[in-house]
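In this chain, residues are counted from 1 in sequence order. The analysis underlying the following values was restricted to heavy atoms, covering all of them including side chains, and did not include hydrogens, waters or symmetry mates.
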Amino acid sequence: MPEGYSICLVFLKLFERVYAPLTTGLLSPIKADATLRSQHRSQLDRLYQRVVDDLDRLIHAVGLKAA
């Protein structure tokens, strides 16, 4: 049972710190952010964008279409 608890905590932390902010930025982006050059974005914003771009490439590589 302790292993299950630990796994749940990992997923909760991933959701809280990675998935929730990432999906918020994707679903409700600030339009002006799209015009910012990369060097003016925060490191976190650049890393999130890299995740999004990499996921898009992965989806394309396996022949899936984003919903």
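Two different hydrophobic clusters hold L12 and I7 under the rule that ILVMFWY side chains link at heavy-atom gaps under 4.5 Å. Hydrophobic clustering of Ile, Leu, Val, Met, Phe, Trp and Tyr side chains at less than 4.5 Å, counting indirect connections, keeps L9 apart from Y19. A continuous path of ILVMFWY side-chain contacts below 4.5 Å connects V51 to L44, so both sit in one hydrophobic cluster.
Side-chain contact check for Q49 versus D53: some heavy-atom pair is nearer than 4.5 Å. Taking 4.5 Å as the limit, every side-chain heavy atom of L58 sits out of range of all side-chain heavy atoms of D54.
Other residues, nucleotides and ligands contribute more than 12 heavy atoms inside 6.0 Å of the CD atom of E16.
R37 pairs by the side chain to side chain donor-acceptor pair (under 3.5 Å) definition with nothing, not counting sequence neighbours.
Taking CD1 from I59 and CZ from R57, the interatomic distance works out to 11.5 Å, rounded to the nearest 0.5 Å.
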